[in-house]
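Reckoned from all heavy atoms, side chains included, excluding hydrogens, waters and symmetry mates. These numbers come from a predicted model, not from an experiment.
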Amino acid sequence: MKKTLLSLAILSLTAISLNAQTRYVDDVYTDDQLDIVTDLEYAENYTVLYGDIDTSTPGPQFLLEKLKTDFYYPPYEESVGLRPVVIMLHTGNFLPRYMNNGPVGYKDDSSTVAMCKAWARKGYVVMAATYRMGWNPIATTEDVRRETIINAAYKGVQDVSAAIRFLKDEAMNLGNFNALDTSKIALGGQGTGSYITSAFACLNTQDEIRIDKFRRSDNGDVMVDDQIWGDRHGKGGLPGFNLENWPGHTTEAQVAFQIGGALGDSSWIDAGEMPLIWAHSVLDPFAPYKTNIVSVPGTPLQVVEASGGYDVIKSSSAQGNNKVYEGKVMDQYTFAISKYNEGMDGLYPIHGAANASGPYEWYDTATIKQLPLPPTTIQNILGSIRLSNPMHNKTKAMTYIDTLIGFFAPRVAVSLGLVQSVGIDNINMASNVAIGPNPATNQVTVFNNWDNNELRNIEIRNLNGQLLQRVPFAGKQQSIELSLPTGLYIMNMEFERGTGSKKFLVN
């Protein structure tokens, strides 16, 4: 394959201005400064098709598909040097747009384009990649329906690996003229793309896809046969079933963010995996917010039990995987969203209507009505819009997107080591610490109410700044013995991330 050389609930939050921007966190460019290059081929591999979904054409058909991507480039600045990369995957139920009876399913979906531009405005090179689609939603047996869609998701994981190797091949073998930092890659998925990115992040061994829930009910065979299709990185398999693209390169990414979707099984989450960040509609009817059965819009298929954003972030944090960003972001988005996420940094619960699973999407219904498709298909597509997003309004959708990226961006930047923290220098971390009694006499107890920011040391000083006591701090609360004359004192606090101070009185 010839490689083409690349050219260079709504939370109404006010957009950050272009003044005093922090690169990779705030917008540092405008849309008209971006260079967008479309339809570049990044890989090719075998897609399994099962005929038009409106017919009962039997038997799979194998097609060697060229996988395409769009790139969004911010202006190159020599002083900036190498640029981190965001790989963005669209949604679509693993079927082509419109064939899936829906208005989404490709790299140029309205919301996908808006998100890619938002990341590029912050200074990232963005790769909006397609992935292989194709499964059999009208198979007569549930085993076949489940097996084919699970294999489609597995192939998506392989395609992410191919995309990463594509980037590394350019950086290593083509002079890296786009100044890509392939040691700093963030994966992002929306809907169906989230199933792929989270699986990529958490599938560490082939054995993890051989658990009972991913076996056929009739004979116990594994649904994903890696001896045929290759391993999760897209290596191996049989000729005519899998191609390894860009061999010789590794396939690491450093952080993954998800919008909707779910993780195939919570047992896949192990310590030492990449950090995860997740936004999820609490009342999503298709992908569970916690752990439940996944269903596919427009089909009778309930696929398998899977875990959504709430349970995944809870487990990932418990394993210590999200510690790299936890407590290091204290901005307006964090404070607003922390009212809803039960203290789980990295989780953005979207509260809205029960069937508004994608409030960040919008569609041109006039264009859909003019598509050269049967009237019944047109009506199915319009019905799908009402089912998944009855508010398909661009203004509201863009408000959601601004908030989503506003929540993700600082955590991605911290996870990639692009910034150390966001907002902490401007925050008195002692604001979430209680001391009592106040006034005190011979003892005061300190309560650290931060969930993800350890209080390590306390200094007590008088108003002249003289150090009177220094006390190491451990745990969530600790009592300090005092031997101080009556007066006003300052308690300085050193946290794992940030500092703070409070005044207290001794009687």
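Here Phe166 and His249 keep their ring centres 6.0 angstrom or further from each other. Phe214 and Trp268 have their aromatic ring centers within a separation under 6.0 angstrom.
Remark: the Ser183 side chain and the Asp181 side chain contain an N/O donor-acceptor pair separated by less than 3.5 Å. In this model, no donor atom of one side chain and acceptor atom of the other lie less than 3.5 Å apart for Asp143 and Thr141. For the residue pair Glu65/Thr47, the side-chain donor-acceptor check at 3.5 Å is satisfied. Side chains of Asn178 and Glu170: a donor on one and an acceptor on the other come within 3.5 Å. Side-chain contact check for Ser316 and Asn322: at least one donor-acceptor pair (N or O, by modelled atom type) lies under 3.5 Å.
Scanning for side chain to side chain donor-acceptor pair (under 3.5 Å) contacts around Lys314 gives an empty result, with sequence neighbours left out. When the side chain to side chain donor-acceptor pair (under 3.5 Å) test is applied to Asp212, no partner is found at least two apart in sequence or on another chain.
Taking the ring axis of Tyr310 as reference, the NZ or CZ atom of Lys290 stays within 45° of it and closer than 6.0 Å to the ring centre. Taking the ring axis of Phe408 as reference, the NZ or CZ atom of Arg411 does not stay both within 45° of it and closer than 6.0 Å to the ring centre. Judged by a 6.0 Å distance limit and a 45° cone about the ring axis, Lys155 is positioned over the six-membered ring of Trp229.
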> Where do Tyr340 and Tyr348 land on the ring-ring contact (aromatic ring centres under 6.0 Å, His included) test, with the steps shown first?
Replying inline: CA-CA 8 Å; Tyr340 305 95; Tyr348 172 9; 8.7 Å; no

>> Assess the residue pair Trp119 and Phe257 against the criterion (ring-ring contact (aromatic ring centres under 6.0 Å, His included)); give the C-alpha distance rounded to whole Å, side-chain angles, the decisive distance to 0.1 Å, and a yes or no.
In response: CA-CA 13 Å; Trp119 287 107; Phe257 61 92; 5.0 Å; yes

> Between Glu41 and Lys68, is a salt bridge (Lys or Arg N to Asp or Glu O under 4.0 Å) present by the stated rule, with each step listed?
Replying inline: CA-CA 4 Å; Glu41 180 185 340; Lys68 300 296 184 69; over 6 Å; no

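With respect to Asp109 and Arg97, a salt bridge is recorded, a charged nitrogen being found less than 4.0 Å from a carboxylate O.
What you find for Asn151 and Met223 is that their closest heavy atoms are ND2-O, 2.6 Å. Among all heavy-atom pairs drawn from Tyr360 and Gln190, the shortest one is CE1-NE2, 3.7 Å.
A donor-acceptor contact shorter than 3.5 Å is absent between the side chain of Lys213 and the backbone of Asp265. Between the side chain of Asn321 and the main chain of Ser317, no donor-acceptor pair closer than 3.5 Å is present. Side chain of Tyr154 to main chain of Asp231: a donor-acceptor pair is present (N/O by atom type, distance under 3.5 Å, no hydrogens or angles). A distance-only check finds a donor-acceptor pair linking the side chain of Asn242 to the backbone of Gly234 [under 3.5 Å].
Residues Asn245 and Asn45 have side chains in contact (heavy-atom distance under 4.5 Å, counting atoms from C-beta outward).
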